[in-house]
Amino acid sequence: WWEKGAGILKSFEGESGKETDLPVEKIGAGLKDALRVSSENVVKQLGREDGFNKDSAIHIPLPQQLDTVKSLLAKVGMSGMLDDLELKLNRAAEQAVPKAKKLFGKAITEMTFDDVKKIYGGPNDAATQYFRSKMSSSLSEEMKPVVKNSLAEVGAVRAYDNAMTQYRSIPFVPEVKTDLTEYILEKGIDGIFHYMAVEEAAIRQNPAKRTTDLLKLVFGAK
């Protein structure tokens, strides 16, 4: 449980009764420092070539609706068209990720005392949950035009159209529809928050990840 008194935030952890007395300002500044470092690391990691494509944890597969398309094209020796599309979908996500940096900064700036209290004393992904609740809608809005443009720039739209033209040339195939922009938005945002949770847990648990004096003071005291 938590107490706020005389500018001190007290955290009593479990049965051990361990108490951490740090000024509220130090707790807040240290937490925001941690989240700034984490979010910058995530954006840098994912917003580069192969940030999604070569990472098995967040690699973006073809939409499930295209499984039938790939299967039938494979029978006529054209499955490579879908492999090319899959690569381009990941490239589009990689190009859109940098848009998240400004929104992370805004969400960090807007944190209240109650937010800090809940995050500091919460589970290893408490900050990630906070960001999801604060950012998901605005992040989608910011990334959507970038994803849409990126899909065209990297050739994903052309690759999709070419694959679907070949698919529809096969007699009696079922109609298939998918929204590539919405799909990449969902998968891209999932990837960002996946690694935000990883970064957050590491800073809480691993002293080597506390790269500033404030991080060492605040999280070393827990």
Side-chain angles (χ1 to χ4, degrees), residues 31-67 69 82-112 115 119 124-164 176-203:
L31 179 61
K32 290 179 180 182
D33 207 20
L35 299 178
R36 177 189 57 78
V37 170
S38 297
S39 60
E40 288 177 357
N41 286 345
V42 169
V43 170
K44 184 177 180 181
Q45 176 184 339
L46 304 190
R48 62 187 180 190
E49 185 170 305
D50 288 329
F52 276 83
N53 184 52
K54 290 192 176 179
D55 188 327
S56 60
I58 59 169
H59 173 87
I60 300 174
L62 289 171
Q64 194 171 7
Q65 298 96 308
L66 297 183
D67 287 350
V69 178
L82 274 300
D83 294 334
D84 182 50
L85 173 60
E86 187 170 337
L87 170 62
K88 288 175 167 56
L89 295 181
N90 283 271
R91 290 286 184 260
E94 291 156 9
Q95 287 190 12
V97 164
K99 278 290 182 182
K101 184 175 181 178
K102 179 179 71 173
L103 295 175
F104 272 116
K106 184 173 184 289
I108 291 168
T109 300
E110 293 175 350
M111 277 182 184
T112 66
D115 293 328
I119 292 169
N124 284 338
D125 67 342
T128 304
Q129 294 176 28
Y130 165 81
F131 283 129
R132 268 198 178 274
S133 67
K134 291 281 288 186
M135 290 175 56
S136 289
S137 178
S138 55
L139 187 54
S140 180
E141 289 177 13
E142 287 281 335
M143 288 176 63
K144 188 169 186 174
V146 181
V147 168
K148 192 170 184 178
N149 290 337
S150 296
L151 286 169
E153 288 175 7
V154 302
V157 174
R158 190 184 313 111
Y160 174 75
D161 289 343
N162 289 343
M164 293 307 296
V176 173
K177 292 183 179 180
T178 186
D179 187 328
L180 295 182
T181 299
E182 290 299 326
Y183 177 72
I184 296 304
L185 272 175
E186 178 186 347
K187 294 297 185 183
I189 291 171
D190 284 348
I192 290 170
F193 288 123
H194 169 83
Y195 273 111
M196 193 66 212
V198 170
E199 282 283 323
E200 180 186 357
I203 285 177

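Numbers for residues simply follow the sequence, beginning at 1. Quantities reported herein were computed from a predicted structural model and do not represent experimental measurements.
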Sorted by chain and residue number, the side-chain contact (heavy atoms from CB on, under 4.5 Å) partners of Thr112 (sequence neighbours excluded) come out as Asp114, Asp115
Side chain to side chain donor-acceptor pair (under 3.5 Å) filter on Ser150, not counting sequence neighbours, yields Gln95
Hits for side chain to side chain donor-acceptor pair (under 3.5 Å) against Glu142, two or more places apart or cross-chain, chain-then-number order -> none
Residue pairs meeting ring pair (Phe, Tyr, Trp, His ring centres under 6.0 Å), one or both in residues 37-64, sequence neighbours left out, come to none
The side chain to side chain donor-acceptor pair (under 3.5 Å) partners of Tyr195 (sequence neighbours excluded) come to Asp55
Hits for salt bridge (Lys or Arg N to Asp or Glu O under 4.0 Å) against Asp83, two or more places apart or cross-chain, chain-then-number order -> Lys70
Residues pairing under ring pair (Phe, Tyr, Trp, His ring centres under 6.0 Å) where one sits in residues 82-110, two or more places apart or in two chains, turn out to be Phe104-Phe131
The complete set of salt bridge (Lys or Arg N to Asp or Glu O under 4.0 Å) pairs with one or both residues in residues 178-195, sequence neighbours excluded, reads Arg132-Asp190, Lys144-Glu182
Residue set satisfying salt bridge (Lys or Arg N to Asp or Glu O under 4.0 Å) with Glu153, at least two apart, ordered chain then number -> none
Taken in chain and number order and not counting sequence neighbours, the residues that satisfy salt bridge (Lys or Arg N to Asp or Glu O under 4.0 Å) with Lys134 are Glu110
Sequence neighbours excluded, the answer for salt bridge (Lys or Arg N to Asp or Glu O under 4.0 Å) partners of Lys88 is Asp84
Residue set satisfying side chain to side chain donor-acceptor pair (under 3.5 Å) with Ser39, at least two apart, ordered chain then number -> none
